[in-house]
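Here the structure comes first, spelled out in structure tokens, and everything after it is commentary.
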There are 2 protein chains.
Amino acid sequence: MSKLPVTIKVIARQLKLSISTVSRALQNHPSIGLRTRERVQALAQRLQYIPNQNALSLKTNRRYTLGVILPDLLNPFFIQALEGIEEIATERGYLLTICPSHEKVNDEKRAVRLLTHSRVDGLLIAVARTTTTYEHLHELTALEVPFVLMDRPVTEVKAPSVTCDSRAGAEALTNFLIEKGFRRIAHLQGPAELEASGERREGFLRAMNRHGLPVEAGYIQTTDLTTPTTERATRVLLALQPRPEAIVAFNDYTALDAGRVARALGLRINQDLALVSFGNHPMNAYLDCPPLATIEQHAYAMGAQATGLLLRLIESPAVAHPPDHIRLRPQLVINEPREALMAG
Amino acid sequence: MSKLPVTIKVIARQLKLSISTVSRALQNHPSIGLRTRERVQALAQRLQYIPNQNALSLKTNRRYTLGVILPDLLNPFFIQALEGIEEIATERGYLLTICPSHEKVNDEKRAVRLLTHSRVDGLLIAVARTTTTYEHLHELTALEVPFVLMDRPVTEVKAPSVTCDSRAGAEALTNFLIEKGFRRIAHLQGPAELEASGERREGFLRAMNRHGLPVEAGYIQTTDLTTPTTERATRVLLALQPRPEAIVAFNDYTALDAGRVARALGLRINQDLALVSFGNHPMNAYLDCPPLATIEQHAYAMGAQATGLLLRLIESPAVAHPPDHIRLRPQLVINEPREALMAG
DNA sequence: CTGTTAGCGCCTTCAT
DNA sequence: ATGAAGGCGCTAACAG
């Protein structure tokens, strides 16, 4: 019932030419007569000939496709990264096969396996939060499948990476608060399994130390990034004596959750309690009371650079690449209070 | 320099077996001796043999990959759809190749071409806002490439589709306002090129008519969905005499932009002016003043159902499929005022 | 200028 | 129970 596929063989038969002549004609090979070439191309056009990528790939071992493993598509950070990836990949003629890992190691391992089997030319991976064993990545190394790690650094794995310096970001946020005159600054840190949690805490502590400011007992609370936990942690912070004047939150969501709790307790945000955070979440633009400052981590640039790196690995495997580690400089973004806009 | 790939040929040579024996052994073909099978599988394991999907695809004409063309990845609606797609695709063993069209016809056409060439098994497409010619889709039909349209209905193209009944949604929103006691209700409609714009306006008008309510002159304003235009349109609406008591906005962003303008003019949201909208945007959960009500369009379900449909087309092409058109029932979501949470 | 041949990796008759 | 041969669609020497 289904139409038989149009191949160069079909074209050759119809034109009473050999298969190779047709092949060359389609590639504008110089040795083919103009006359013949035109006949071939005309028929190919008419028959809507489409070269079979599977056959080409079989020969060249190239799919012109990159595999992308991302932990969470609902997180705009990774979507922005994806956009950066897409920009470069498209520009270079590559397609993207995307696998969400849902922050689960198992899904991540499955994705690595599937993508390897499907013979993508290389992989871009932001490891899941729960990934603590790395055989699947070591296996990629063993198989010599090029891959680049993004966002979440994995010191244990020898592979190029593009990450953002969380420590510097946290330090910048804290400095910002200190310069604004805040002294009793607390930190809502992320879960231990995220390397970023430790880095941000370090940045926070460093800024405090450098300014000779003490971190009061209990001023560092932990959240697993779910709303209830963040709310609980915030209540703990705000019940401390003396009460913190400002909080460096793990990310924008954390800051919002904390802000809600604070207001429920009757505190005025940015007066009684200042909040700063990580992420520069697009939704901030729509909030009446976004975090006072937030850190832009350049997800887009991260994706783009990782893709550039990967394509270099793929397209010139001859060169011995010292495992590149690109470290992006985070950027402090100060959110203008909404009042400015109200005036307009 | 690069390791030569492990193929069944390599295994055969090492084991002094024929290629076909190895092939069969790996597939647990019954006619292979247990002893041989074990030796083959053991070596394959040790050598990290990975079957070459390109070779398989060449024979079977199956990539176990679906192409997905989405207009805008930064729009959570499409990401939710993507999650639905991914759920079903993964469950059925398919990978996804994703191409953003950035709401541009040209990117969309390019994507269709690339995906067709790469021989994906089928396509899921939400057409770009600017798509008004459909040769690229008709071509898919001609090539007998299975595809399913999502979200944005294209009456001109004969293909299965999964969409959400925008008209019913707008009607529900308007009814909600009327039941709340609002009478002077305005509408901020979307751009003409979106079929959804017309549908939502119709739903709005129908609800008004059914309740015998007039739509005052100028009570329908248009926005291209950018913030400045929405702000301008809102100013126009709010300058009208009599001033609208409520606005049915095209989507949540529109409602937020409108709300900001209203407050800048000194109006109290949900008292002097009620706002309802489309989208059930996740950010609503973090807003102090989300739209009073919004329409959930079941992006996730849409993606999942479209994928189910597509896989049916792919896996049983024999059956003559009457072009299915699944129409999802939109759902009215009433946003609780934030005060409730403040109490907690 | 064009045709013949071989081969990419794998599966699948058909022989043995 | 195993091997040999052909073919999926295409390209690229190698012949003429």
Side-chain angles (χ1 to χ4, degrees), chain A residues 2-41 43-44 47-65 116-121 143-145, chain B residues 2-41 43-44 47-65 116-121 143-145:
Chain A
S2 184
K3 207 176 43 176
L4 83 163
V6 179
T7 67
I8 51 172
K9 194 193 212 167
V10 173
I11 299 181
R13 210 157 29 209
Q14 288 202 26
L15 259 37
K16 299 195 194 305
L17 287 170
S18 80
I19 290 178
S20 37
T21 304
V22 173
S23 169
R24 283 182 283 228
L26 289 171
Q27 307 172 62
N28 291 317
H29 192 287
S31 76
I32 295 294
L34 179 60
R35 183 90 194 83
T36 316
R37 183 193 325 182
E38 281 175 350
R39 284 179 52 211
V40 170
Q41 298 196 350
L43 184 58
L47 261 37
Q48 306 212 64
Y49 166 74
I50 291 178
N52 188 325
Q53 183 66 43
N54 291 322
L56 291 182
S57 298
L58 181 56
K59 284 196 85 68
T60 62
N61 242 338
R62 281 288 191 77
R63 285 269 354 152
Y64 289 98
T65 299
T116 309
H117 281 232
S118 103
R119 299 271 158 153
V120 293
D121 303 299
L143 292 169
E144 295 184 19
V145 175
Chain B
S2 184
K3 205 177 43 176
L4 84 164
V6 179
T7 67
I8 51 171
K9 194 193 214 167
V10 173
I11 299 182
R13 211 158 27 209
Q14 289 202 27
L15 259 37
K16 298 193 195 308
L17 287 171
S18 79
I19 291 178
S20 31
T21 303
V22 173
S23 170
R24 282 183 284 229
L26 288 172
Q27 308 172 64
N28 291 317
H29 192 288
S31 78
I32 296 295
L34 178 61
R35 182 90 192 81
T36 315
R37 183 191 327 184
E38 280 175 350
R39 284 180 47 209
V40 170
Q41 298 196 351
L43 185 58
L47 261 37
Q48 306 212 63
Y49 166 73
I50 291 179
N52 187 326
Q53 183 65 43
N54 291 322
L56 291 181
S57 297
L58 181 56
K59 286 195 86 71
T60 62
N61 242 337
R62 281 285 192 76
R63 287 271 346 156
Y64 290 96
T65 299
T116 309
H117 282 230
S118 104
R119 301 271 159 150
V120 293
D121 303 300
L143 291 169
E144 295 183 18
V145 175

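In the text below, chain A, chain B and the rest are named by the order of the sequence lines, each starting its count at 1.
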When we call it a touch if two heavy atoms are under 4.0 Å apart, what does [X] touch: a base, just sugar-phosphate, or nothing?
X	value
B:S57	nothing
A:S20	base
A:S23	base
A:I19	base
B:L56	sugar-phosphate
B:T60	nothing

Task: N or O in side chain of A:K59 less than 4.0 angstrom from C:dG9 OP1/OP2 - done: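 False: A:K59 side-chain N/O out of range (4.0 Å or more) of C:dG9 OP1/OP2.
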Task: Phosphate-side-chain proximity, A:T21 and C:dG3, N/O vs OP1/OP2 below 4.0 Å - done: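 So the side chain of A:T21 is within the cut-off, an N or O lying under 4.0 Å from OP1 or OP2 of C:dG3.
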Determine yes or no for a side-chain-to-main-chain donor-acceptor pair under 3.5 angstrom, with [X] supplying the side chain and [Y] the backbone.
X	Y	value
A:Q27	A:S23	yes
A:T36	A:I32	no
B:Q48	A:L143	no

Within this structure, what is the [atom1]-to-[atom2] distance between [X] and [N], rounded to whole angstrom?
X	N	atom1	atom2	value
A:R24	C:dC1	CZ	P	12 Å
B:H29	C:dT12	NE2	P	8 Å
A:H117	C:dG9	NE2	P	16 Å
A:N61	C:dG7	CG	P	17 Å
B:N28	C:dC11	CG	P	12 Å
B:N52	C:dG7	CG	P	18 Å
B:I50	C:dG9	CD1	P	14 Å
A:L58	C:dA6	CG	C1'	13 Å

Task: For chain B, the stretch of DNA chain D it reaches, first to last nucleotide, under 4.0 Å of its heavy atoms - done: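 Reading along DNA chain D, I get D:dA1 to D:dG9.
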Task: Nearest atoms (heavy-atom pairs only) where B:Y49 meets B:V6 - done: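 Looks like CD1-O, 3.4 Å.
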Task: For the student: nearest non-hydrogen atoms of A:Q53 and B:H117, plus distance - done: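 Looks like CB-O, 3.2 Å.
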TODO: Verify the distance criterion only: is there a donor paired with an acceptor across the side chains of B:N54 and A:R62 at less than 3.5 Å?
DONE: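 Result is no, nothing qualifies.
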Task: Closest-nucleotide ordering on DNA chain D, the 5'-leading residue of A:Q27 and B:K16 - done: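 Its nearest nucleotide lies further toward 5', so the answer is B:K16.
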Task: Reported CZ-to-CG distance for the pair A:R24 and A:L17, which is rounded to 0.5 angstrom - done: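 A:R24 atom CZ to A:L17 atom CG measures 11.0 Å (nearest 0.5 Å).
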